[in-house]
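Below: one structure, written as structure tokens.
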Amino acid sequence: MITTRFAPSPTGYLHIGGLRTALYSYLWARKNSGRFLLRIEDTDLKRNSAEAAKAIEEAFKWVGLTHDDEVIYQSQRFDLYKKYVTKLLDEGKAYYCYASKEELDTMREAQQAKKERPRYDGRYRDFTGTPPKGVDPVVRIKSPSNTKIEFEDGIKGVVSFNTDDILDDFIIARSDGTPTYNFVVAIDDALMGLSDVIRGDDHLSNTPKQIVVYEALGFDLPKFYHVPMILNPQGKKLSKRDGAMDVMEYKNMGYLPEAVLNFLIRLGWSHGDQEIFSFSEMLELFDPTNINKSASAYNPEKLEWLNAHYIKNSSWERIIEELKFFDLEIHGHDRKELIVDSLRERAKTIKEFADMARTMIETPQSYDQKAYNKFINQEAIEILKKYTAFINDYAEALHLPSGFEKATKQFMEQNSLKMKQLAQPIRIAMVGSAVSPSVYDVLSIVGRADIVIRIEKLINFYEEQNV
RNA sequence: GGCCCGUUCGUCUAGUGGUUAGGACUCUGGCCUCUCACGCCGGCAACAGGGGUUCGAAUCCCCUACGGGUCACCA
């Protein structure tokens with residue numbers, strides 16, 4: 001059985017890079033009918049873990065990820081960790097260290113002065129004397145020396161470390177009794193039954209320490225996969241200055257969750273030349289073995305393209321639903337469908353979609369200067385006047401774009417006009433600019449009564465300008 | 001600085017000893033056209049450098065350069 005986990009430290013929101021490793025872990029577990037667990041790494045009690053967990057659950061919900069079991073909070077498992085500290089102490093695999101901070105600092109400085117690697121020198125490793133008074137000891141684990149620690153990473157291949165290069169007897173419990181990161185991670189991963197640990201590249205050099213803990217405690221090692229980092233568009237480390245770090249920001253910007261997931265799965269992973277992955281295809285095709293070895297810069301244009309793709313291919317009901325988030329409620333079944341179909345190939349985000357829809361729904365309050373200067377002149381005004389009269393007197397009912405097309409063509413024929421002469425003035429009257437969907441669609445969306453109002457408004461504006 | 005990891009078009013990537021080095025995004029030329037988009041057809045653009053191994057290397061090995069990660073009583 002495959003069991004994976006996502007184990008963020010509580011920062012208050014779900015990071016975009018975090019979502020990617022969560023997605024990989026999720027997919028790998030679900031694909032294999034396994035379990036995907038969530039654990040909050042809140043051994044540092046200063047942060048608000050309840051709020052952080054809530055933010056993660058919210059983001060998971062938005063993109064459609066679900067985890068099994070209850071969320072595990074490390075802060076609630078201190079008793080458990082303490083038992084393992086005691087166990088190692090009893091077995092002689094760990095020991096109390098009474099070295100003070102000052103003592104350790106001077107030791108470190110001396111080492112650095114000699115250009116040596118700063119490391120704990122093991123001075124209390126075999127200590128049997130009387131402990132110094134007034135020092136709360138830390139607990140250190142006995143690390144192996146003069147050997148190698150190797151493991152097969154599912155992404156990087158065999159990774160090998162010389163213990164003397166990287167290890168010392170590191171602290172597993174602080175002087176206040178609280179356990180440290182590398183200790184609890186190993187315990188929890190083992191106790192939670194993880195078979196596969198998929199996590200960020202930045203943990204690669206923690207892995208040997210965790211292996212020391214696994215071995216001291218007699219736990220089986222999981223398979224590790226260290227996923228390379230996501231870089232900003234400039235190829236540098238992602239930081240808060242790069243904008244959207246919080247997954248929920250993407251919702252605010254009008255991105256669809258399926259676009260975000262598709263973007264993320266493809267960033268550092270591939271399946272041949274395929275670019276578009278539905279959720280079920282992700283489930284079917286994902287395999288952590290072909291995650292790329294190197295870091296990848298995220299490029300906003302591709303996300304945008306993906307988002308546009310999903311907008312184009314969403315049902316109109318879905319888009320109407322999404323538009324509500326941007327305070328846009330559209331009434332009328334035909335009108336909803338028409339608005340969506342006229343804009344779905346034009347909007348890159350739902351936010352843009354809402355903005356464009358508003359230009360058709362609401363009477364323009366001003367006119368785009370350039371477009372107005374270019375297309376609105378005495379001749380255009382005369383045409384618009386005639387057109388208003390024509391629409392007013394038109395005998396048949398006018399609802400659908402096809403009806404407006406038929407009527408407008410008749411009008412053009414009667415007046416020997418070409419579409420080119422008519423389209424832009426009408427467009428400016430309807431939406432205030434020279435850019436919109438097909439005029440027939442716009443006309444149909446605006447509706448017969450408002451068409452007349454909007455044209456008259458433009459005419460009035462023109463005449464006031466030219467008194 | 002030590003250790004670890006990495007390096008194919010600007011970006012995401014395919015490629016696992018023999019390819020005109022493929023696709024996608026971006027940019028760009030054209031077609032379509034009532035504008036803008038969409039769509040379609042085309043274009044620009046890459047194996048970090050140097051040594052080996054081999055009949056033959058983007059692919060295997062070594063070195064260099066560059067980038068990243070990590071070295072806490074943070075996680």
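We name chains A, B, ... by the order of the sequence lines, and we start the count at 1 in each one.
Between the P atom of B:rG68 and the CG atom of A:N232 lies a distance of 11 Å, rounded to the nearest Å. Atom pair A:H271:NE2 and B:rG15:P shows a separation of 10 Å (rounding to whole Å applied). Whole-Å rounding puts the A:Y81 OH to B:rA75 P distance at 11 Å. The interatomic distance linking A:L303 (CG) with B:rC12 (P) rounds to 14 Å, in whole Å. Taking atom NE2 on A:H309 and atom P on B:rG39, their separation rounds to 10 Å, with Å as the unit. Distance A:N182 CG to B:rA75 C1': 9 Å, rounded to the nearest Å. Protein atom CZ of A:F224 is 21 Å distant from nucleotide atom P of B:rG69, rounded to whole Å. In this structure, NZ of A:K101 is placed 8 Å from P of B:rC73, rounded to the nearest angstrom.
Between A:M229 and A:K115, the one whose closest nucleotide on RNA chain B sits nearer the 5' end is A:K115.
Within 3.5 Å, no donor on the side chain of A:D42 pairs with an acceptor on the base of B:rA75, nor the reverse. Judged by distance alone with a 3.5 Å cut-off, no donor-acceptor contact links the side chain of A:Q112 to the base of B:rG1.
Annotation: A:K156, atom NZ; neighbour count of heavy atoms from other residues, nucleotides and ligands within 6.0 Å is above 12. By the neighbour-count criterion of 12 heavy atoms within 6.0 Å, atom NZ of A:K142 is densely surrounded, having more than that number from other residues, nucleotides or ligands. By the 6.0 Å contact criterion, CD on A:E413 is open, its count of non-hydrogen atoms from other residues, nucleotides or ligands being 12 or less.
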Scan nucleotides 27-36 of chain B against the protein and return all N/O pairs shorter than 3.5 Å with their distances rounded to 0.1 Å.
unit_1, atom_1, unit_2, atom_2, d
B:rC34, O2', A:R427, NH2, 3.1
B:rC34, O2, A:R427, NH1, 3.4
B:rC34, O2, A:R427, NH2, 2.7
B:rC34, N3, A:V439, N, 3.3
B:rC34, N4, A:S438, OG, 2.7
B:rU35, O4', A:Q424, NE2, 3.3
B:rU35, O2', A:A434, O, 3.0
B:rU35, N1, A:R427, NH2, 3.2
B:rU35, O2, A:A434, O, 3.3
B:rU35, O2, A:S436, N, 2.9
B:rU35, O2, A:S436, O, 3.1
B:rU35, N3, A:R427, NH1, 3.0
B:rU35, N3, A:S436, O, 2.4
B:rU35, O4, A:S436, O, 3.4
B:rU35, O4, A:S438, N, 3.2
B:rC36, O2, A:R346, NH1, 2.8
B:rC36, N3, A:R346, NH1, 2.3

Write down the protein N/O and nucleotide N/O pairs, taken from nucleotides 4-11 of chain B, whose separation is under 3.5 Å; answer none if there are no such pairs.
unit_1, atom_1, unit_2, atom_2, d
B:rC5, O2', A:K156, NZ, 2.7

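The pairing partner recorded for B:rA21 is none, the criterion being a Watson-Crick or G-U wobble arrangement whose two distances lie under 3.5 angstrom.
Shown here are the side-chain contact (heavy atoms from CB on, under 4.5 Å) partners of A:V135, two or more places apart in sequence or in another chain: A:Y98, A:P132.
Phosphate contact (OP1/OP2 of B:rA37, side-chain N/O of A:K348, threshold under 4.0 Å): absent.
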Quiz item: ring pair (Phe, Tyr, Trp, His ring centres under 6.0 Å) between A:F170 and A:Y120: does it pass, once the steps are laid out?
Solution: CA-CA 8 Å; A:F170 59 92; A:Y120 176 68; over 10 Å; no
